[in-house]
Amino acid sequence: MTDNALSASLTHARERLTHALIDAQRPENDASLLAVSKTKPAAMIRQAWSLGQREFGENYLQEALDKQAELVDLDDIVWHFIGPLQSNKTRAVAEHFAWMHSVDRLKIAKRLSEQRPEHLPPLNVCIQVNISREESKSGVMPDDVAPLAEAIASLPNLALRGLMAIPAPAEGLDAQRAPLAQLRELLQALQTSLPDAPLDTLSMGMTDDLEAAVLEGATLVRLGTAIFGARNTT
Ligand SMILES: *Cc1c(COP(=O)(O)O)cnc(C)c1O
């Protein structure tokens with residue numbers, strides 16, 4: 001992808017988000033754009049950064065750490081880890097990311113809290129929910145969210161910010177909206193049961209369901225393909 005193409009696709013993605021917020025009758029800037037840069041080179045991240053993008057999402061730990069090392073000079077960049085994580089890899093996430101979207105068990109959360117360096121603010125975390133109840137997919141089942149959230153909310157070095165989901169692919173706005181509405185309702189229930197937790201984030205909406213997600217209250221949309229083009233297969 002050329003620099004010009006990236007500039008055009010980033011502009012287009014921002015316009016899509018702006019229009020989706022207008023259609024949903026929500027305030028502008030009520031949701032922000034997380035640029036999902038997995039498989040894309042550090043140079044593209046740098047280019048997106050030069051165009052004003054600050055929040056980036058990565059799925060593969062070693063790839064992310066390599067790119068972070070190349071981009072250390074971008075001191076206001078905000079790194080989000082959004083992929084599956086083995087419990088023996090938590091330390092690198094605790095040390096090198098501002099956000100972790102894919103917490104799906106207490107063991108991972110406890111390790112992240114223990115390993116978060118003291119000089120950093122609490123690690124922002126979202127619980128990943130298997131909202132479409134798919135076999136062998138990541139995330140906790142909807143019924144298990146409340147007890148996990150309560151336990152995570154008590155961990156000292158984490159800030160429980162909200163919920164994340166990757167719904168099963170669906171055709172059409174209404175079919176896309178149904179699971180996203182369920183995620184919103186789960187967050188609303190947590191906001192009531194855990195009033196002291198900083199629960200302000202619905203991490204949902206990707207290239208194919210951004211509009212549905214914004215209609216259902218997404219606050220952080222995770223766009224990969226729409227910004228960087230089709231994934232590189234390595
Ligand atoms: C890859 C990925 C995305 C981006 O998906 P697109 O369809 O390319 O926008 C968003 N969220 C997660 C968790 C991902 O793994």
Side-chain angles (χ1 to χ4, degrees), residues 1 5-6 8-20 31-42 44-45 47-48 53-65 67 78-86 89 93 97-105 108 112 123-132 134 136-140 145 161-173 175-177 179-180 183-184 187 201-234:
M1 191 181 240
L6 180 59
S9 58
L10 183 58
T11 301
H12 182 68
R14 287 172 175 155
E15 287 170 0
R16 250 184 96 180
L17 179 56
T18 300
H19 286 136
S32 49
L33 195 57
L34 177 59
V36 176
S37 43
K38 62 181 179 230
T39 82
K40 300 298 176 181
M44 279 181 96
I45 298 175
Q47 162 79 0
Q53 179 64 32
R54 290 293 176 271
E55 319 251 344
F56 292 87
E58 289 281 342
N59 291 61
Y60 309 110
L61 188 57
Q62 192 54 53
E63 179 196 327
L65 296 174
K67 286 188 265 186
V78 182
W79 292 104
H80 297 239
F81 192 79
I82 64 173
L85 187 68
Q86 293 169 284
K89 301 279 175 61
V93 171
F97 288 81
W99 283 75
M100 162 67 174
H101 290 231
S102 43
V103 174
D104 61 359
R105 52 201 192 278
I108 294 264
L112 289 169
L123 178 68
N124 297 299
V125 301
C126 292
I127 295 173
Q128 183 174 356
V129 184
N130 184 351
I131 198 68
S132 302
E134 296 171 278
S136 72
K137 281 287 168 72
S138 305
V140 290
V145 169
R161 298 295 297 272
L163 301 177
M164 182 274 237
I166 308 171
E171 292 288 328
L173 199 60
Q176 289 181 344
R177 285 181 70 165
L180 300 165
L183 197 72
R184 170 174 49 72
L187 182 69
T201 301
L202 269 177
S203 169
M204 62 189 196
M206 305 178 17
T207 293
D208 288 335
D209 64 356
L210 165 75
E211 285 75 16
V214 170
L215 283 169
E216 293 301 343
T219 63
L220 197 48
V221 298
R222 309 182 309 267
L223 294 189
T225 312
I227 294 173
F228 295 110
R231 230 91 67 202
N232 302 351
T233 48
T234 42

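Ligands are counted one by one from 1 in listed order, and the atoms in each one are counted from 1 as well.
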* Work out whether the distance between some heavy atom of Arg231 and some atom of ligand 1 is less than 4.0 Å. => yes
* **Donor-acceptor under 3.5 Å (Thr207 side chain, Leu223 main chain)** => no
* **Donor-acceptor contact below 3.5 Å, side chain His19 vs main chain Glu15** => yes
* Which heavy atom of Leu85 sits nearest a heavy atom of Arg105, and at what distance? -> O-NH2, 3.6 Å
* To do: Check for a donor-acceptor pair, side chain of Asp104 on one end and backbone N or O of Gln128 on the other, with a separation under 3.5 Å.
  => no
* To do: Can you pull out the closest protein heavy atom to atom 14 (C) of ligand 1? Residue, atom name and distance to 0.1 Å, please.
  => Lys38 NZ, 2.9 Å
* Please could you name the atoms of ligand 1 that Asn59 approaches to less than 4.0 Å, counting only its heavy atoms? => 14 (C), 15 (O)
* Once the angle between the rings of Trp79 and Phe56 is folded into 0 to 90°, is it parallel (under 30°), tilted (30 to 60°) or perpendicular (over 60°)? -> tilted
* Asked: Glu58 and Lys38: which non-hydrogen atoms are nearest, and at how many Å?
  -> OE1-CA, 3.7 Å
* Is there at least one pair of N or O atoms, one from Leu223 and one from ligand 1, spaced under 3.5 Å apart? -> no
* Among all protein heavy atoms, pick out the one at the shortest distance from atom 5 (O) of ligand 1; state its residue, atom name and that distance to 0.1 Å. => Met206 CE, 3.5 Å
* Element-labelled atoms of ligand 1 that are located less than 4.0 Å from some non-hydrogen atom of Arg222 -> 4 (C), 9 (O), 10 (C), 11 (N), 12 (C), 13 (C)
* To do: Kindly confirm or rule out an N or O of Asp208 lying under 3.5 angstrom from an N or O of ligand 1.
  => no
* Taking Lys67 for the side chain and Ser37 for the main chain, is one N or O donor matched with an acceptor at less than 3.5 Å? -> yes
* Atoms of ligand 1 less than 4.0 Å from Ile82 heavy atoms? -> 11 (N), 12 (C), 13 (C), 14 (C)
* For Thr225, atoms of ligand 1 separated by under 4.0 Å from a heavy atom -> 6 (P), 8 (O), 9 (O)
* To do: Only one of Arg161, Met100, His101 passes side-chain contact (heavy atoms from CB on, under 4.5 Å) with Asn124; say which it is.
  => Arg161
* **Closest protein heavy atom to atom 13 (C) of ligand 1, given as residue, atom name and distance to 0.1 Å** => Ile166 CD1, 3.5 Å
* Structure fact -> ligand 1 atoms nearer than 4.0 angstrom to some heavy atom of Thr207 are 6 (P), 7 (O), 8 (O), 9 (O)
